[in-house]
A.B. asks: 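My questions will all concern the structure given below.
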Amino acid sequence: MFRYIVRHFNLLVVTLFVLSLFSFSLAYLFPGDPLVNLSGETIQSEQHREVLIEKYRFNESVVLQYTRYIGLLFEGDWGLSKSSGLPLYDEIMHSLPASIELATYALLLSLIIGIPLGFLAGLKHHKATDYSLLAISVMGYSVPVFWMALLMILVFSLQLGWLPLSGRISLLFDVPHTSGFILLDIMLSDIKNKETAIVNALQHMVMPVLSITIVTSAIILRLTRRSVIEVMPKGFIQAAYTRGLSDYQVFMRHGMRNSLLPIIPLLAMQSTTLFTNAMIVEVIYSWPGIGDWLIQAIYQRDFPAIRAGMLAVSALVVLLTVSIDLFAKLIDPTRDKSAHVTI
Amino acid sequence: MSRFSLYQEEYYPSPLQNTWNEFKQSHIAVLGLWFLTFFIILVLVGPLIAPFDPLTQNIDALLVPPAWEANGGIRNLFGTDALGRDLLSRLIHGCRMTLGISLLLVLVAMLVGVALGAVAGMSRGVRSSILNHLLDSVMAIPTLLIAIIIVAILGVGLVNSMWAIALALIPQFIHNTREFVRQEVKKDYVLAARLDGASKIHLFFYSVLPNMFEMLVVQGTMALSIAILDISALGFLSLGAQAPSPELGVMLSEGLQVAYKSPWSIALPGSAIFIMVLSVNVVGDGLRSALRNRMRH
């Protein structure tokens, strides 16, 4: 088991190394002066340039430049944003939690909806329930997320006026930024009318979370269903029936756990879709997350911001994937190394 | 197949025939295939059918409602947009563009992915393991992020976004090919060919590849639906195809400006994407279950 942890850790370190190398090379790949792409400062004079060259070791070899870059990354000096002039590290730490919050709620809701429905469909295999759930799920993951989000805005905020159009919380509430997670921030803060603030934040959250959930829960439903269908005819389930257990007992004690095991590593592979959808949805609902921030950065050709944002997001996703993979291995040591997606 | 047969001739359907027979059983899958065929015909002969040029503006007919509305006319069956361009023609050209490019991208990604995957699957040792692990982690990076980086390096445009999507599709093909080749190489029929002295290249092309086509077709339909969604998403965010061109995502974001006055200008392109992706997914599902079930008979 120790070997697996070391191997996964190794993989993580190697991948992060490659990602950081890539993000450093982006400074050269992006149009414009590499020095500006790294620092984000507009060079005003020769002295200023000298200072920056000294800071990023630009008079030495590329290898030394890279080590200096890594050093600065760990010190928290990620450069400045070209459009706002603020330190990138602070900006990312402000917007990343908002994205994580959105994606987490969407994932939790999808698990709550997708897994039970998947169980239902799998247990009623080749029956009307199965077919109708399958049909709904195919529709669910064929919907373009951005279109769904627009339709929801049209119906729920413009026609019916039930839900707010965009943003994270009404501007009337002045919630100080502590953790970056809006619900947590409201609870930690000492503003008046905490209940109304929470209700308001939840109202803002409904549509973005729902539009991501539709796709993700459809995928989870299908993964669960396939897994249940494959587990139920196995020998140990038949043996449990032979011992005289009822349908309910067999499923609760044997079927459910064994069909949930293979789903976990597959979930890791779906995190890509989840993040892409979250980023698109953020743009539509003006949710102040990393996706909205990155898209704005590209509209304003803010190359330092894209470089830093890419590193932050990809590091987060890789960290998530590797840890889910390790977790799956820890709870199920018999798992084959080459588990692949079946929907 | 060692059953007693009275008759001299017995009909054994080919694997392809078997798959088709199984596929036909599901009516929904066949319906999906009809829809997909319809869209592919649009890709091939779209410009001949379209009544107007998709870019010609007509100032006398701005925001004409579709023919089924009270104020609509039969001249513009689906109405016109904010610049008086005929929506039906734009939709036909848009389907042609979105689906055509997606098909092309999937084909390119498949060729590159299978080639690299075969190399990774046939080789052993530290080098292949490092390659594989790196690929697995690259697969975890969101498509939109890859697209943003490529667009930032090369600039905004349809061709650049095509590069991005192809790059995002390739790892999936490499991964699946690699796993498949790994499993097949262990089997006896490959061992037999190897004992006959077949080289690695020969082994791959004559023994493994013929068995892989089905996996590739299923994988291809999945990639196709992802590609359609990604191209239109990038068009919608105006990172891919640019404003006047009749791409479905671009049409959607243009329709957004007049969404309140003419809801059909976002309803029509959106449902075109939806039906297209739905038909691809339904066909893919039908194929997958047909391949799974055909061995039973």
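Each chain gets a letter, A, B and so on, in the order the sequences are listed, and its residues count up from 1. Keep in mind that the numbers below use all heavy atoms, side chains included, and drop hydrogens, waters and symmetry copies.
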A.B. asks: For A/V138, is it the side chain, the backbone, both, or neither that has a heavy atom closer than 4.5 Å to a heavy atom of chain B?
C.D. replies: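 It is both, since atoms from each part get that close.
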A.B. asks: Does atom CD1 of B/I28 have more than 12 heavy-atom neighbours, drawn from other residues, nucleotides or ligands, at distances under 6.0 Å?
C.D. replies: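 Atom CD1 in B/I28 is not crowded, with 12 or fewer foreign heavy atoms closer than 6.0 Å.
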A.B. asks: B/S232 versus chain A, heavy atoms under 4.5 Å apart: side chain, backbone, both or neither?
C.D. replies: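 Both parts, backbone and side chain.
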A.B. asks: Identify which part of A/F22 has an atom lying under 4.5 Å from any heavy atom of chain B, answering side chain, backbone, both or neither.
C.D. replies: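 Interface part for A/F22: side chain.
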A.B. asks: Any chance you could measure B/I148, atom CD1, to A/L294, atom CG, to the nearest 0.5 Å?
C.D. replies: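 Rounded to the nearest 0.5 Å, the CD1-CG separation comes out at 4.5 Å.
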A.B. asks: So for A/I280, is it side chain, backbone, both, or neither that comes closer than 4.5 Å to the heavy atoms of chain B?
C.D. replies: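 Both parts, backbone and side chain.
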A.B. asks: Calculate, to the nearest 0.5 Å, the distance between atoms OG1 and CD belonging to A/T272 and B/Q172 respectively.
C.D. replies: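 Separation between the atoms: 8.0 Å.
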A.B. asks: Quick one: of A/L158, A/V313, A/L19, A/I153, who has the most non-hydrogen atom pairs under 4.5 Å with chain B?
C.D. replies: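 Top option by heavy-atom pairs under 4.5 Å: A/L158.
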A.B. asks: Find the one option among B/I149, B/I146, B/L154 whose heavy-atom pairs under 4.5 Å with chain A are most numerous.
C.D. replies: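 Option with the greatest count: B/I149.
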A.B. asks: Which atom pair, heavy atoms only, marks the closest approach of A/S142 to B/F274?
C.D. replies: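 That would be O-CD1, 3.7 Å.
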A.B. asks: Could you check whether atom OH of A/Y28 has more than 12 heavy atoms from other residues, nucleotides or ligands sitting under 6.0 Å from it?
C.D. replies: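 Yes, enclosed.
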A.B. asks: Is there a side-chain contact (heavy atoms from CB on, under 4.5 Å) between B/F236 and A/I284? Walk through the geometry before answering.
C.D. replies: CA-CA 10 Å; B/F236 177 76; A/I284 294 172; 3.8 Å; yes
A.B. asks: Could you tell me which non-hydrogen atom of A/P31 sits nearest to which non-hydrogen atom of B/A152, and how far apart they are?
C.D. replies: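 For A/P31 and B/A152, the tightest heavy-atom pair comes out as CD-O, 3.6 Å.
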A.B. asks: So for B/S271, is it side chain, backbone, both, or neither that comes closer than 4.5 Å to the heavy atoms of chain A?
C.D. replies: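 Interface part for B/S271: both.
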A.B. asks: In terms of heavy-atom pairs under 4.5 Å, which option from A/G291, A/S271, A/P144 contacts chain B the most?
C.D. replies: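 Top option by heavy-atom pairs under 4.5 Å: A/P144.
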A.B. asks: Let me know if B/A267 has heavy atoms under 4.5 Å from chain A in its side chain, its backbone, both or neither.
C.D. replies: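 The answer is the backbone of B/A267.
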A.B. asks: Pick whichever of B/L229, B/N281, B/L144 has the most heavy-atom pairs under 4.5 Å with chain A.
C.D. replies: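 Answer, by heavy-atom pair count under 4.5 Å with chain A: B/N281.
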A.B. asks: Could you go through the side-chain contact (heavy atoms from CB on, under 4.5 Å) check for B/I153 and A/F303 one step at a time?
C.D. replies: CA-CA 9 Å; B/I153 296 174; A/F303 296 121; over 6 Å; no
A.B. asks: Side chain, backbone, both or neither: which part of A/L316 has a heavy atom under 4.5 Å from chain B?
C.D. replies: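 The answer is neither part of A/L316.
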A.B. asks: With a 4.5 angstrom heavy-atom cut-off, is it the side chain or the backbone of A/L154 that approaches chain B, or both, or neither?
C.D. replies: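 Just the side chain, heavy atoms under 4.5 Å.
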A.B. asks: What residue, out of B/L278, B/L239, B/I226, has the most heavy-atom pairs lying under 4.5 Å from chain A?
C.D. replies: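 Ranked by contacts with chain A, first place is B/L278.
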A.B. asks: Is it the case that atom CZ in A/R301 sees more than 12 heavy atoms from other parts of the structure closer than 6.0 Å?
C.D. replies: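 Not buried by this count: 12 neighbours or fewer within 6.0 Å.
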A.B. asks: Heavy atoms, side chains only, cut-off 4.5 Å: are B/S238 and A/Y299 in contact?
C.D. replies: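 They are in contact (side-chain heavy atoms under 4.5 Å apart), so the answer is yes.
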A.B. asks: Taking every heavy-atom pair that is under 4.5 Å apart, which of A/V143, A/I306, A/N277 has the most such pairs with chain B?
C.D. replies: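 Option with the top pair count is A/V143.
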A.B. asks: Between B/L252, B/V151, B/V280, who has the most heavy-atom pairs with chain A when the cutoff is under 4.5 Å?
C.D. replies: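 With the most close heavy-atom pairs to chain A, the winner is B/L252.
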A.B. asks: Whether the side chain of A/W147 engages the backbone of B/P269 through a donor-acceptor N/O pair (distance < 3.5 Å, no angle test) should be reported.
C.D. replies: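 Looks like no, no N/O pair under 3.5 Å.
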A.B. asks: Going by salt bridge (charged side-chain N to carboxylate O under 4.0 Å, His left out), B/D285 matches just one of A/R226, A/R225, A/R222. Which one?
C.D. replies: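 Among the candidates, only A/R222 passes.
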A.B. asks: Between A/L26 and chain B, which part of the residue has a heavy atom less than 4.5 Å away: side chain, backbone, both or neither?
C.D. replies: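 Contact with chain B is through the side chain of A/L26 alone.
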